[in-house]
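Reviewing the structure listed below.
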2 protein chains.
Amino acid sequence: MPHTYQFARPALTVDIVVFAMDFAGRDETDLQVMLIQRDLAPYRGGWALPGGFVRTQETLDDAARRELQEETGLRDIYLEQLYTFGALGRDPRERVVTVAYYALVNLTGHDVRASTDARNAAWFSVSDLPPLAFDHAQVLDTAHQRLRSKVRYQPIGFELLPERFTLRQLQRLYEVILDRELDKRNFRKKVLAMEIVKETGEIEKDVAHRAARLYRFDKRRYDRLMKKGFNFEI
Amino acid sequence: MPHTYQFARPALTVDIVVFAMDFAGRDETDLQVMLIQRDLAPYRGGWALPGGFVRTQETLDDAARRELQEETGLRDIYLEQLYTFGALGRDPRERVVTVAYYALVNLTGHDVRASTDARNAAWFSVSDLPPLAFDHAQVLDTAHQRLRSKVRYQPIGFELLPERFTLRQLQRLYEVILDRELDKRNFRKKVLAMEIVKETGEIEKDVAHRAARLYRFDKRRYDRLMKKGFNFEI
DNA sequence: CCAAAAGTGTTCAAGATACACCCATGT
DNA sequence: ACATGGGTGTATCTTGAACACTTTTGG
């Protein structure tokens, strides 16, 4: 067999850290992660990141999207490669290298339970996680850090919001991710000055107080700004 | 064979983009990359990034350091994982996924030619590269972008300088990486205000003009600043 | 004494921060 | 009428940008 690799090969997997923002408890907005309860050894019954083996005829991105769809029912979501983990003992069975991804979802509009195979999938707050299988705690932590730093110079936070959102929701999202309070007036001033959100003319419904205006992310404008060497900073 | 992966596996390699700064031509400071001339098919005789297959009993970082040492003689240098490339046709022989790294070296103090196996290694200016094997042009470009953005918020640039350097060298380094001119007075003011470089008391030797003061990077101070949530920005 | 690069301050504009009250709506 | 969160402006401080001349050294 000419031109082929003669050594034993590590196995190759992908794992995905799926983040979502929970706005349910009005004031207790928090960041959530999707986990899968394993039904096979090792770590049977334990919680792990969605993921699985990479096939020889699919790209890494394709593998990540396929596993995500198969295990959680989520599709067409923001997905980005995070880091590749290759420590020796990370899988007790054999040598497995994993290419980790992270994904951002807005919960409204994606039905996780619609999946065929999602019976074991569940959301957890990042601040209250169960013990995780393999080195997944480390993977998750790396993803969390990445999200925190990336959100400061790219508007990926919008991926976590519904299409129409209030400025207050946007602010809470940044507060949760950056883990500090932001001044309401300064925050609104800055976001509006950037002109990357657009008023829809609509307002919130069914709230027991003055209804907030709904905005949406103006990607066209953002892309134009980015090309001119623009820096998104909150 | 219980607990083992039943599908065919992609092969796994590491490739390393080694950057160095060339201060030789006084005014024509430029960024260089190390390439290896291949002596096996495919792309025999072509230029490629140093790299090779990952063994089952070494971590990815270890594989990168081993290949670097074997192919270029470089060791104990700054090395960081970049991105994992897994496009389907990237290696004409078979499916190969590569974990790319980038490395930073200061040329004084590392003798590339000392290596046993470095007869085919050479430095190229990033602005004047030969055609590259596989998808290495893309890998190199990704590394270059990463260097440009990372240098803005972490002082990794110092890895490209000799232990003692002049502020002018530091400025030229940033100018080359960021690809724009910086104001001398403002640059010095900012760098000195950060207090992350320390005067050594020594000065340049053998220059045909006023000799510049030599500084060194103060890592202790930098680490302390980082812990307090400090942001390095040029 | 000339060429070459080192070294040094001030002014101005823009952006960041701090801060408190009135408004609209549902119950 | 009250409770709840929405919405708004100003003053001050900090930071970044622009800018030109004198000093030192070797040849």
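Residue numbers start from 1 in every chain, and the chains themselves are labelled A, B, ... in the order their sequence lines are given, proteins ahead of strands.
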Atom CZ of A:F165 to atom C1' of D:dG6: distance rounded to whole Å? 16 Å
Contacts of type salt bridge (Lys or Arg N to Asp or Glu O under 4.0 Å), residue A:E181, not counting sequence neighbours: none
Sequence-distant partners of B:A143, side chain to side chain contact (heavy atoms under 4.5 Å, CB included), two or more places apart: B:V17, B:F19, B:L82, B:Y102
Rounded to whole Å, the CD-C1' distance (A:Q169 to D:dG5) equals 13 Å
Donor on one side chain, acceptor on other, B:D62 and B:T59, under 3.5 Å: yes
Check the distance between D:dT15's P and B:F187's CZ and give it to me in whole angstrom. 19 Å
Would you name the heavy atoms of A:R148 and A:I177 that are closest together and state the gap between them? CG-O, 2.9 Å
Taking only residues two or more places apart in sequence, or in another chain, which ones meet B:D135 in a side-chain hydrogen bond (donor to acceptor under 3.5 Å, both in side chains)? B:R90
If each of A:R180 and B:L167 is mapped to the nucleotide of DNA chain C with the nearest heavy atom, which maps nearer the 5' terminus, i.e. the 5' end? B:L167
Round to a whole Å and report the spacing from CZ of B:R210 to P of D:dG26. 12 Å
Sequence neighbours excluded, which residues qualify as side chain to side chain contact (heavy atoms under 4.5 Å, CB included) partners of A:E159? A:Y78, A:L104
In whole Å, I'd like the distance from the CG atom of B:L182 to the P atom of D:dG16. 13 Å
Going by side chain to side chain contact (heavy atoms under 4.5 Å, CB included), name the residues that satisfy it together with A:Q154, two or more places apart in sequence or in a different chain. A:K150, A:I156, A:Y222, A:M226
Roughly, in whole Å, what's the span from NZ in B:K184 to P in C:dA6? 6 Å
Under the rule for salt bridge (Lys or Arg N to Asp or Glu O under 4.0 Å), what residues qualify as partners of B:E202, not counting sequence neighbours? B:R164
Which residues in residues 195-203 of chain A have a heavy atom closer than 4.0 Å to any atom of DNA chain D? none
I'd like to compare against my own output: the B/S/- annotation of nucleotides 9-16 of chain C with a strict under-4.0 Å heavy-atom distance to protein. BB------
Could you pull out all residues at least two apart from A:D223 that satisfy salt bridge (Lys or Arg N to Asp or Glu O under 4.0 Å)? A:K219
Can you name the residues that form a side-chain hydrogen bond (donor to acceptor under 3.5 Å, both in side chains) with A:T98, not counting sequence neighbours? A:T13, A:D15
I want to know whether B:F23 and B:F165 have ring centres closer than 6.0 Å. no
Report the residues that fulfil side chain to side chain contact (heavy atoms under 4.5 Å, CB included) with A:E233, sequence neighbours left out, ordered by chain and then residue number. A:R152, A:N231
If you compare every side-chain N and O of B:R213 against the phosphate oxygens of C:dT8 (OP1, OP2), does one of them come in below 4.0 Å? yes
Phosphate OP1/OP2 of D:dG7: any A:R188 side-chain N/O under 4.0 Å: yes
Could you state the CD-P distance from A:E204 to C:dA24, rounded to the nearest angstrom? 16 Å
Stem finding on DNA chain D, please: runs of three or more consecutive Watson-Crick or G-U wobble pairs, both distances under 3.5 Å, sorted by first number. C:1-27 with D:1-27
Quick one: which of D:dG27, C:dG7, C:dC23 gets closest to the side chain of B:A208? D:dG27
Specify the separation, in whole Å, of atom NE2 of A:H209 and atom C1' of C:dC23. 13 Å
